[in-house]
Undergrad: 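For reference, the structure I am asking about is given below.
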Amino acid sequence: MLTLPIAMMDLEPRQVLAYSVLLLIPALYFLLRLPSSQLGHIPTVGGPSTPLFSYLGSFRFFVRGVSILQEGYTKHKGHLFKYNDWYSWTVAVTTAQQIDEVRKAPDDVLSFLETGLETVQGDYTLGRAVHENPYHISLVRSQLTRSLSAIFPQMMDEISTAFEDTIPTPQKHGDWVKVHPRDVITQRGVKFLGPLITERSRLAAELGDEWKDKPNDMLQWCIDSGVGEAIPDLVMRILTINMAAIHSSSITFTHAIFHLATNPHFIQPIREEVDELIQKEGWSKETLGKMHKVDSFLREAMRMDGLAAVSLDRVALKDFTFSDGTIIPAGTRLAAPARAIHRDDELYPNALTFDPWRFSNMRDKTEQGAHNFAVNTSAEFMIFGHGKHACPGRFFVVNEMKAMLAYIAVNYDVKMADDSADMPPSMYFGRAIVPNGTAEVAFRKRQH
Ligand SMILES: *[C@@H]1O[C@H](CO)[C@@H](O)[C@H](O)[C@H]1NC(C)=O
Ligand SMILES: *[C@@H]1O[C@H](CO)[C@@H](O)[C@H](O)[C@H]1NC(C)=O
């Protein structure tokens with residue numbers, strides 16, 4: 001470990017040299033950053049584009065990224081613009097045509113994985129084993145999605161237990177119970193996976209094909225995949241999947257709950273839909289599939305608030321040329337300003353109004369409605385990304401959120417604890433959108 005001496009005076013010349021070199025490394029990093037002149041043909045928002053000063057832009061982006069992206073979209077819609085995010089210059093695509101060109105580009109030209117790894121610093125946070133052989137992605141896409149019906153009873157069971165735990169029965173019947181939805185929704189942690197994996201490996205070795213009540217879950221699928229991975233890597237892999245699933249669904253679902261609690265009258269149409277279906281068919285994944293209002297409500301909450309201000313992240317590994325001839329040099333990041341697109345009046349009439357039946361009405365009235373389920377991605381709806389790298393877990397996540405919303409609607413009355421009708425403001429940093437952590441939502445057992 002290096003400890004920096006308090007006074008440079010105490011240093012020997014050799015040490016001075018060593019420290020100077022250490023200080024030079026960040027300075028070089030600043031200077032060697034992709035010169036903006038290579039992107040001079042693309043207009044800039046959010047800060048200066050001269051090399052050293054561009055770091056001011058990065059800092060500004062951290063503080064007010066959401067409004068910088070909105071400004072860029074409003075000014076340059078129809079064209080490309082660039083902004084400085086925390087990592088590097090990023091070129092924003094604004095049209096369906098550009099979005100299509102980006103999503104169709106081969107992985108060795110515009111890479112999705114590389115941006116993701118850089119953002120989470122994958123080598124250090126996940127470990128190489130997880131991302132060098134990302135077999136869990138195909139497990140999520142195939143096995144998890146195929147098993148939605150089979151695991152439905154288990155999931156419903158978890159949901160009702162979780163709600164009973166977090167919304168305690170009030171002392172007096174009919175009393176409201178206040179909760180911070182963001183904290184409550186992220187509470188399910190994963191503990192003690194290690195012993196569980198050991199136990200399961202033992203059972204598998206002992207019972208083999210005779211193992212009748214073998215668990216049907218992600219952990220077991222990872223164990224069964226034949227990779228024979230070490231326990232620490234397996235734990236990291238499960239945590240990776242959980243991180244992706246829990247945070248995305250908790251952020252989205254918290255927004256949805258706030259919309260419901262600020263507009264308690266929205267609960268009635270949901271209740272009618274769910275009550276009728278449940279009475280006829282009971283709870284199942286197939287019944288959920290018929291809950292068009294529930295689905296529409298969640299898609300609208302995702303449209304308005306989303307998870308992040310951008311989507312469709314890529315980094316150019318080679319020079320990339322758009323069909324209009326614009327060249328994006330290797331090393332540049334690309335992204336779509338998803339939040340600004342989702343809030344564009346030309347794409348969504350009265351885009352700033354939360355209209356929970358926007359998509360279910362579309363489905364009833366127009367042909368294109370069939371593409372407007374919560375899991376469907378498009379150039380106008382990129383919460384889950386779009387194209388071949390769209391989130392493989394979205395079928396699971398949407399299914400889970402629909403079950404939770406339906407469960408709440410038929411079991412609880414919901415309102416803001418202070419009876420407010422205004423959506424509590426979210427927190428923004430960089431590209432991230434974080435639902436309000438202090439506003440309280442009040443629940444009570446359903447009265448009517
Ligand atoms: C939209 O999602 C529904 C429900 O999963 C699916 O049946 C349909 O094929 C999807 N449409 C598109 C265009 O992806
Ligand atoms: C959260 O919402 C409350 C109103 O319920 C507001 O006073 C507070 O400033 C909001 N928090 C943030 C971080 O915006």
Side-chain angles (χ1 to χ4, degrees), residues 62-67 96 99-100 103-104 140-142 144-149 152 176 178-185 251 254-264 277 284-300 302-305 309 311-312 358-360 362-364 366-403 406 414-430 432-442:
F62 191 69
V63 181
R64 39 183 297 271
V66 168
S67 44
I99 288 169
D100 268 357
R103 81 175 164 92
K104 285 179 182 154
V140 170
R141 182 179 297 124
S142 56
L144 180 62
T145 303
R146 272 203 309 271
S147 307
L148 286 180
S149 296
F152 186 85
W176 293 91
K178 294 177 193 173
V179 299
H180 291 129
R182 199 184 72 193
D183 301 342
V184 167
I185 294 164
I251 290 176
T254 303
H255 288 307
I257 291 297
F258 281 144
H259 281 297
L260 191 64
T262 48
N263 297 281
L277 280 164
S284 73
K285 189 232 162 199
E286 288 62 39
T287 324
L288 275 193
K290 296 177 188 165
M291 296 181 185
H292 288 196
K293 290 209 161 100
V294 174
D295 193 281
S296 177
F297 192 102
L298 288 168
R299 186 170 167 95
E300 179 71 347
M302 290 193 267
R303 178 190 73 79
M304 281 210 72
D305 299 292
S311 182
L312 209 76
R358 183 186 293 276
F359 297 109
S360 47
M362 232 187 245
R363 272 199 294 274
D364 297 342
T366 64
E367 230 171 77
Q368 123 221 68
H371 309 312
N372 280 291
F373 285 95
V375 291
N376 295 139
T377 68
S378 70
E380 284 91 46
F381 190 84
M382 287 178 289
I383 296 292
F384 296 113
H386 184 37
K388 59 179 176 293
H389 294 296
C391 167
R394 65 188 188 282
F395 302 96
F396 173 77
V397 165
V398 164
N399 201 55
E400 182 192 33
M401 292 195 298
K402 285 176 74 174
V414 184
K415 62 168 192 161
M416 293 304 287
D418 61 2
D419 292 307
S420 168
D422 298 322
M423 184 77 178
S426 301
M427 212 172 67
Y428 305 105
F429 56 90
I433 301 175
V434 181
N436 192 301
T438 55
E440 285 183 317
V441 171

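Throughout, numbering of the chain's residues begins at 1 and tracks the sequence. When a ligand or atom number is given, it counts from 1 through the structure's own listing order.
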Undergrad: Where is the tightest heavy-atom contact between Arg303 and Phe359, given as atom of each residue plus distance?
TA: CD-CZ, 4.0 Å
Undergrad: When you check the side-chain N and O atoms of His180 and Asn436, is any donor under 3.5 Å from an acceptor?
TA: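 There is no such pair (donor and acceptor under 3.5 Å, judged by atom type) between the side chains of His180 and Asn436.
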Undergrad: Can you tell me if His386 and Thr377 form a side-chain donor-acceptor pair at under 3.5 Å?
TA: yes
Undergrad: Looking at His371 versus Phe381, is the centre-to-centre ring distance below 6.0 Å?
TA: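 Centroid separation for His371 and Phe381: 6.0 Å or greater.
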Undergrad: Could you tell me, atom by atom, which parts of ligand 1 come under 4.0 Å of a heavy atom of Val375?
TA: 2 (O), 5 (O)
Undergrad: Students should find this: residues with any non-hydrogen atom under 4.0 Å from ligand 2. What is the answer?
TA: Pro424, Pro425, Asn436, Thr438, Ala439
Undergrad: Quick one: do Arg299 and Asp295 make a salt bridge, cutoff under 4.0 Å?
TA: no
Undergrad: So, taking the atom named CG in Asn263 and the one named CZ in Phe297, what distance separates them when rounded to the nearest 0.5 Å?
TA: 7.5 Å
